[in-house]
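The next block holds one structure in the form of structure tokens; read it before the comments.
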Amino acid sequence: MITVELDNFSLKEICQSGQCFRMYETEENTYELIAGDQYLKMTQDGGIVNFHCSDMEFICYWVPYFDIDADYSSYIAKINPRDTYLSAAAECGSGIRILQQDLWEMIITFLISQQNNISRIRGCVERLCEAYGEKKISGEKEYYAFPNPERLAAASEDDLRGLGMGYRARYIVETTRSILNGEISLDRIYQYRYYSRAKQELLKLSGVGEKVADCICLFALHHMDAFPIDTHIRQVLDEHYKRGFPNRRYRGMRGIMQQYIFYYELNKK
DNA sequence: ATCCAGGGACGCG
DNA sequence: CGCGTCCATGGA
């Protein structure tokens with residue numbers, strides 16, 4: 001087990017931030033997470049966080065995953081103090097992190113997310129993993145990994161509709177096919193240095209539009225300028241930023257600001 | 001019942 | 001390009 005003391009890090013807030021749909025608070029201050037084919041149990045008491053894994057797994061996998069080496073207080077310090085809305089939002093969600101999740105998993109997950117609510121997205125993703133993911137064991141915990149493209153290719157559109165994916169089933173089938181036949185290369189998308197290039201490539205996938213592409217760029221590729229505009233963010237922009245969001249000021253950190261706003265809208269009061 | 005949820009494809013003018 | 005319309009599903 002690894003024990004570390006961290007600033008601006010809250011498992012509860014990360015869990016409720018809506019980036020990862022397979023993280024659960026299983027008991028008070030105890031969280032379980034399945035990411036890709038990895039399972040992790042964590043506990044937190046104040047700033048002290050316990051990761052139930054080896055040193056190697058922590059350093060190679062979970063440090064980048066949780067963006068642990070980044071200093072989020074410096075992001076918060078950049079917020080215009082006269083922007084009372086954004087200041088309140090960042091204070092509310094000061095412990096969230098921009099996760100670095102698996103690209104393939106984020107593509108499928110955010111295809112499912114469209115015109116859908118978070119609790120139902122969780123259910124859809126979980127059923128998808130149970131039906132097509134590899135069964136794994138970590139200690140005494142059994143879980144299903146997120147299915148890789150080859151395994152998901154076994155699912156027909158009707159199969160996926162049977163799992164409650166609705167009209168998104170066709171997007172999943174078509175996107176899986178274009179990845180498997182090499183039309184779109186995940187490796188290439190990983191290697192693009194510029195956000196606009198990665199986004200441009202993602203937009204070629206069936207069912208991936210502006211918003212979903214931005215979520216994938218932010219939550220998998222860590223392109224911190226991605227600024228996904230969903231229905232909640234749209235309302236905030238219309239109400240608090242009628243002259244546009246201050247993009248210049250927050251260049252290189254637009255994504256985290258978006259997440260502070262998103263978290264605030266879902267969890268305030 | 002009606003509305004809404006981390007939207008996007010498609011057709012139309 | 002900007003705009004309607006349709007697309008499943010379940011909870012409030």
Side-chain angles (χ1 to χ4, degrees), chain A residues 13-24 89 92-93 96-128 130-131 146 155-179 183-184 195 198-241 245 254-269:
Chain A
E13 291 173 15
I14 291 167
C15 191
Q16 296 173 347
S17 72
Q19 301 174 64
C20 168
F21 297 93
R22 303 191 76 194
M23 180 170 174
Y24 300 94
C92 176
I96 63 178
R97 294 277 163 156
I98 303 296
L99 305 179
Q100 281 190 262
Q101 304 180 79
D102 178 74
L103 175 57
W104 164 250
E105 182 171 350
M106 289 301 98
I107 290 172
I108 299 302
T109 297
F110 279 94
L111 279 181
I112 294 170
S113 78
Q114 67 174 255
Q115 201 66 12
N116 211 339
N117 62 66
I118 290 183
S119 69
R120 217 174 81 82
I121 297 166
R122 282 187 200 280
C124 286
V125 171
E126 216 52 59
R127 286 192 296 277
L128 197 70
E130 284 172 20
F146 193 87
S156 70
E157 182 174 336
D158 282 344
D159 291 335
L160 294 171
R161 282 177 182 266
L163 293 177
M165 304 300 159
Y167 67 91
R168 308 161 196 86
R170 182 166 59 86
Y171 298 152
I172 297 173
V173 169
E174 292 178 350
T175 286
T176 301
R177 189 172 59 230
S178 52
I179 298 295
E183 186 184 338
I184 305 289
Y195 155 57
K199 180 173 176 178
Q200 182 182 12
E201 194 68 6
L202 287 165
L203 285 171
K204 294 178 183 172
L205 293 168
S206 171
V208 175
E210 287 280 327
K211 187 268 174 183
V212 168
D214 278 332
C215 283
I216 298 166
C217 283
L218 188 56
F219 304 142
L221 303 172
H222 218 257
H223 288 303
M224 295 294 271
D225 265 328
F227 193 90
I229 299 177
D230 67 8
T231 124
H232 300 111
I233 301 293
R234 180 78 267 161
Q235 290 171 20
V236 171
L237 293 179
D238 290 344
E239 187 178 344
H240 297 279
Y241 298 96
F245 190 75
R254 285 158 42 81
I256 180 65
M257 299 304 158
Q258 190 274 3
Q259 276 305 106
Y260 288 141
I261 295 171
F262 183 79
Y263 180 88
Y264 190 47
E265 289 303 310
L266 265 63
N267 298 290
K268 68 183 176 187
K269 79 178 176 8

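What you are looking at is a predicted structure, and each value in this text was computed from that prediction instead of being measured. Residue numbers begin at 1 in each chain, while the letters A, B, ... track the order of the sequences.
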Under 3.5 Å, is there a donor-acceptor pair between the side chain of A:Q258 and the main chain of A:P228? yes
Starting from the 5' end of DNA chain B, give me the residue, A:V208 or A:G18, whose nearest nucleotide shows up first. A:G18
Identify whether a stacking contact exists between A:F262 and B:dG6, where the ring centres must be under 5.5 Å apart and the planes under 30° apart. yes
Send over the distance from A:R168 CZ to B:dA9 P, rounded to a whole Å. 13 Å
Rounded to whole Å, NE2 of A:H232 lies from C1' of B:dG7 at a distance of 13 Å
Between atom CZ in A:R120 and atom P in B:dG7, what is the gap in whole Å? 12 Å
Any idea how A:W104 and A:F146 line up, ring-wise: parallel (<30°), tilted (30 to 60°), or perpendicular (>60°)? perpendicular
If only side-chain N and O atoms count, and only distance matters, is there a donor-acceptor pair under 3.5 Å linking A:S119 with A:N117? yes
Under 4.0 Å from any heavy atom of chain A: name the first and the last nucleotide of DNA chain C that qualifies, 5' to 3'. C:dC7 to C:dG10
d(CG, A:L111; P, B:dG8) in whole Å: 9 Å
One should read off an interatomic distance between A:M165 CE and A:D159 CG, to the nearest 0.5 angstrom, of 10.5 Å
Mind calculating the distance between CG (A:N267) and C1' (B:dG6) to the nearest angstrom? 13 Å
Regarding A:R97 and A:E13, does a basic nitrogen lie under 4.0 Å from an acidic carboxylate oxygen? no
Intra- and inter-strand pairs of DNA chain C in dot-bracket (Watson-Crick or G-U wobble, both distances under 3.5 Å; | for another strand): .||||||.||||
Rounded to the nearest Å, what distance is computed from the OH atom of residue A:Y263 to the C1' atom of nucleotide B:dG6? 16 Å
Which whole-number value in Å describes the distance from A:L202 CG to B:dG6 C1'? 16 Å
Using a cut-off of 4.0 Å on non-hydrogen atoms, how would the nucleic acid contact of A:S17 be classed: base, sugar-phosphate, or nothing? base
Rounding to 0.5 Å, atoms CG (A:L160) and OH (A:Y167) come to a distance of 14.5 Å
I'd like the C1' distance from C:dT5 over to B:dG13, given in whole Å. 15 Å
Side-chain donor-acceptor pair present, A:S113, A:N116, cut-off under 3.5 Å: no
Side-chain donor-acceptor pair under 3.5 Å between A:Q200 and A:Y195, yes or no? no
Taking C:dC3 as the reference, what is the distance to B:dG6 when you measure between their C1' atoms (whole Å, please)? 23 Å
Measure distances between side-chain N and O atoms of A:Q19 and base N and O atoms of B:dG6, and say whether any donor-acceptor pair falls under 3.5 Å. no
Salt bridge check, A:R170 against A:E174: does any charged N sit closer than 4.0 Å to a carboxylate O? yes
Interatomic distance where CD1 belongs to A:I121 and P belongs to B:dC4 [whole Å]: 17 Å
With a 4.0 Å cut-off on N to O distance, would you call A:D230 and A:R234 a salt bridge? no
Short side-chain N/O contact from A:T231 to OP1 or OP2 of B:dA5, under 4.0 Å: yes
Select base, sugar-phosphate, or nothing to describe what A:Q259 touches, counting heavy atoms under 4.0 Å on all strands. base
Of all the choices, B:dA5, B:dG8, B:dG6, which nucleotide is nearest to the side chain of A:Y171 once you look at every atom? B:dG8
Which is more 5' along DNA chain B, the nucleotide nearest A:F110 or the one nearest A:R170? Just name the residue. A:F110
